[in-house]
Amino acid sequence: MRNIIAICKRELLSFFVSPIAYFVITGFTLLVGYFFFNLFSIFLQQYQMAPYLQMRGMPLPNLNQVIVEGLYQTMIVILVFLVPLLTMRIVAEEKRRGTFELLLTSPVSVSEIVLGKFLSLAVVIFVMLGISFIFPLLLIIYGTPEVPPIFSGFVGVLLCTLGFASIGMAVSSFTENQIVAGVSSMVTLLLLYVIQAPAESLDGSAAEIFRYLSPVDQVQDFIRGVVTLKSTVYFLSMIVFGLFLSQRALDALRWR
Amino acid sequence: MIEVKNLCKSYGEYAAVNDVSFTAQKGQIVGFLGPNGAGKTTTIRMLSTYLPPSSGTAIVAGFDVLREADQVRKRIGYLPENPPLYGEMTVREYLKFVGEIKGVPRAKLPEKIDEVMERCFVSDVRNKLCQHLSRGYRQRVGLAQAIIHEPEVIILDEPTSGLDPKQIIEIRQLIKSLGKDHTVLLSTHILPEVSMVCNKVVIISRGRVVMESMLADLAREKSLEQVFLESVSREEVVDAAACVN
């Protein structure tokens with residue numbers, strides 16, 4: 001446990017001494033803020049038409065549906081591109097500058113290295129999403145949205161991001177080139193993002209499988225305020241899978 | 001103590017280290033000498049548990065480097081060829097991190113950090129970022145890192161490369177003082193270094209040990225330089241003969 005904390009602390013120091021974490025967090029907040037502004041304008045526009053909609057018996061615009069759901073869905077898209085920037089250096093850099101030799105010849109297990117590094121990513125991600133939570137929070141303070149979906153949606157996005165980070169770390173473990181790690185994890189995540197596409201033309205259990213594999217579909221329940229065991233298991237297994245791959249990749253280094 | 005028996009490491013067809021055997025006792029400073037590309041670094045990496053041997057065994061500090069690697073790791077201090085520094089950490093932060101992962105007790109750590117910084121002459125840069133250090137300082141921070149947990153066995157891969165003459169003298173003195181109660185394995189290609197610092201020498205060439213001898217026994221007959229040149233060229237003659245056949 002002490003080793004995990006030591007490695008996590010060292011990673012955090014790297015994140016926050018070098019400008020990476022600040023750039024990614026600022027970029028994320030900026031983008032989310034921009035989308036929040038846009039979604040808010042759309043909501044206002046629809047709201048102005050409320051009397052007309054009411055007259056024709058059409059449903060009124062809903063704060064949760066328009067802004068909260070839209071915002072969380074957009075966050076996932078942004079994260080597909082930004083998480084690889086956070087994870088690309090996490091192991092690759094260490095291999096390139098030779099500090100991996102220090103870690104592997106110290107009384108630290110590969111699992112401890114992997115968990116320590118993942119924990120540091122989790123902290124950075126939590127800070128990043130936490131800062132962006134200010135936008136839904138504004139809705140709670142100044143509006144009357146349904147509050148539980150806002151929180152469950154946040155948990156869903158958090159789990160999804162941790163899953164992305166875990167996969168990004170696994171990709172970074174396979175190479176010593178940061179650019180290769182960054183591009184490969186971006187491609188992997190993008191592929192995962194659109195994985196449900198074949199479901200459109202398929203039917204039956206094949207379509208089900210593709211839908212099940214899609215993080216977008218899985219996070220949808222959370223965003224709508226339904227925390228299901230199925231989706232939770234999906235994201236947790238994604239995290240575990242990434243950690244497992246990282247562990248294997250690094251263990252393999254010892255057996256060249 | 002280090003006991004190497006028939007250690008081999010091959011990459012495909014190429015044997016980087018071929019049947020290397022030697023021993024180093026406690027209190028000895030063993031010079032691991034050889035031309036560039038002789039297999040020094042590969043051997044050292046196997047002894048430090050970084051690389052697994054292809055065949056053969058090595059016992060370091062009483063444990064097998066392959067089967068009891070965890071035990072070996074607790075008992076060795078290792079300075080790789082390139083000091084493994086984290087550029088964005090200050091020297092103090094770095095040594096604290098290494099102390100933590102090497103298992104130095106928390107209460108003792110600040111005191112240990114100050115002690116090794118003092119011993120390795122890096123106290124004056126304690127708050128500098130590692131990426132801003134000169135080659136000589138990087139090397140000495142690397143050395144500080146290797147001794148912070150008072151390991152039984154200290155393995156140093158070319159510890160004096162990149163140092164200026166004054167620093168070389170200081171580091172050699174430091175290594176000598178370490179030799180009193182540790183086993184030190186020191187790889188180098190600088191001959192005078194071996195005669196000045198070590199009390200035993202192992203010469204390796206083309207992945208094979210060509211000579212293992214106490215320095216005291218050696219000096220009586222010929223200079224180290226003569227011995228080195230002879231043993232290395234003898235090896236080359238053998239290789240040439242093999243090619244002809």
Side-chain angles (χ1 to χ4, degrees), chain A residues 1-24 86 88-117 119-120 124 176 178 247-256, chain B residues 9-12 16 41-42 44-54 60 65-66 68-90 93-94 96-106 109 129-131 138 142 145-146 148-149 151 155 157:
Chain A
M1 197 59 205
R2 190 190 170 199
N3 289 337
I4 298 178
I5 306 252
I7 287 171
C8 172
K9 266 168 46 192
R10 205 214 65 70
E11 285 298 329
L12 286 175
L13 193 136
S14 279
F15 269 125
F16 289 102
V17 168
S18 69
I20 315 163
Y22 299 105
F23 269 83
V24 175
L86 277 181
M88 63 184 206
R89 51 157 286 281
I90 195 103
V91 182
E93 185 182 34
E94 195 114 40
K95 285 195 206 164
R96 171 142 295 182
R97 62 181 170 187
T99 43
F100 219 70
E101 205 164 338
L102 168 69
L103 289 185
L104 286 187
T105 55
S106 297
V108 189
S109 71
V110 169
S111 312
E112 285 170 329
I113 298 174
V114 169
L115 287 177
K117 283 179 179 288
L119 200 62
S120 73
V124 174
E176 56 178 65
Q178 290 190 46
Q247 203 263 351
R248 291 279 100 177
L250 297 186
D251 230 12
L253 283 184
R254 284 190 163 153
W255 301 108
R256 281 166 308 180
Chain B
K9 179 76 193 177
S10 41
Y11 297 98
T41 297
T42 309
I44 274 183
R45 283 184 163 171
M46 286 191 277
L47 297 183
S48 67
T49 75
Y50 181 62
L51 286 179
S54 304
V60 175
V65 290
L66 194 61
E68 297 154 313
D70 289 343
Q71 296 300 321
V72 174
R73 287 181 190 127
K74 280 183 200 158
R75 292 168 177 79
I76 55 163
Y78 172 42
L79 171 63
E81 217 172 345
N82 296 309
L85 306 186
Y86 290 98
E88 66 279 6
M89 294 177 109
T90 65
E93 282 166 347
Y94 172 71
K96 179 162 174 277
F97 168 68
V98 177
E100 278 171 355
I101 61 167
K102 299 271 184 189
V104 178
R106 202 178 299 258
L109 192 51
L129 290 182
C130 290
Q131 61 192 6
R138 294 172 63 87
Q145 161 276 123
I148 192 162
H149 54 302
I155 301 174
D157 201 351

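A, B, ... follow the sequence lines: proteins, then strands. Residue 1 opens every chain.
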Next item on the list: Measure across B/Leu129 and B/Gly87 and return the closest heavy-atom pair with its distance rounded to 0.1 Å.
Entry: CB-O, 3.7 Å

Next item on the list: Heavy-atom pairs under 4.5 Å with chain A are the metric here; pick the option from B/Ser54, B/Pro83, B/Ser48 that has the most.
Entry: B/Ser48

Item checked: Part of A/Ile5 lying under 4.5 Å from any heavy atom of chain B -> neither

Notebook entry, point to check: Given a strict heavy-atom distance threshold of 4.5 Å, which part of B/Glu81 is in contact with chain A: side chain, backbone, both, or neither?
Noted result: neither

Checklist line | Heavy-atom closest contact (B/Val65 atom, B/Leu47 atom, distance) | finding: CG1-O, 3.6 Å

Margin query: I'd like to know which of A/Pro107, A/Ser18, A/Ala6 tops the heavy-atom pair count under 4.5 Å against chain B.
Written below: A/Pro107

Notebook entry, point to check: When rounded to the nearest 0.5 angstrom, what is the spacing between CG in A/Leu119 and CG in A/Leu12?
Noted result: 7.5 Å

Note to self: What part of A/Glu94 gets within 4.5 angstrom of chain B, counting heavy atoms only: side chain, backbone, both, or neither?
What the structure shows: side chain

Notebook entry, point to check: For A/Thr105 and B/Tyr50, which heavy atoms make the closest approach, and how far apart are they?
Noted result: CG2-CB, 3.8 Å

Note to self: Less than 4.5 Å to any heavy atom of chain A: does that hold for the side chain of B/Val98, its backbone, both, or neither?
What the structure shows: side chain

Notebook entry, point to check: For A/Lys95, does the NZ atom sit with more than 12 other heavy atoms under 6.0 Å from it, leaving out its own atoms?
Noted result: yes

Check: What part of B/Gln71 is in contact with chain A, defined as an atom under 4.5 angstrom from a non-hydrogen atom: side chain, backbone, both or neither?
Finding: neither

Check: Non-hydrogen atoms of chain A under 4.5 Å away: do they reach the side chain of B/Ile155, the backbone, both or neither?
Finding: neither

Check: Shortest non-hydrogen contact from B/Ala146 to B/Tyr78?
Finding: CB-N, 3.7 Å

Next item on the list: Over all heavy atoms of both residues, which pair between B/Arg73 and A/Leu104 is shortest? Give the atoms and the distance, please.
Entry: NE-O, 2.9 Å

Note to self: Salt bridge check, A/Arg10 against B/Glu88: does any charged N sit closer than 4.0 Å to a carboxylate O?
What the structure shows: yes

Margin query: So for B/Arg45, is it side chain, backbone, both, or neither that comes closer than 4.5 Å to the heavy atoms of chain A?
Written below: side chain

Item checked: Under 4.5 Å from any heavy atom of chain A - which part of B/Tyr86 -> both

Checklist line | Which portion of B/Leu85 sits near chain A, non-hydrogen atoms under 4.5 angstrom | finding: backbone

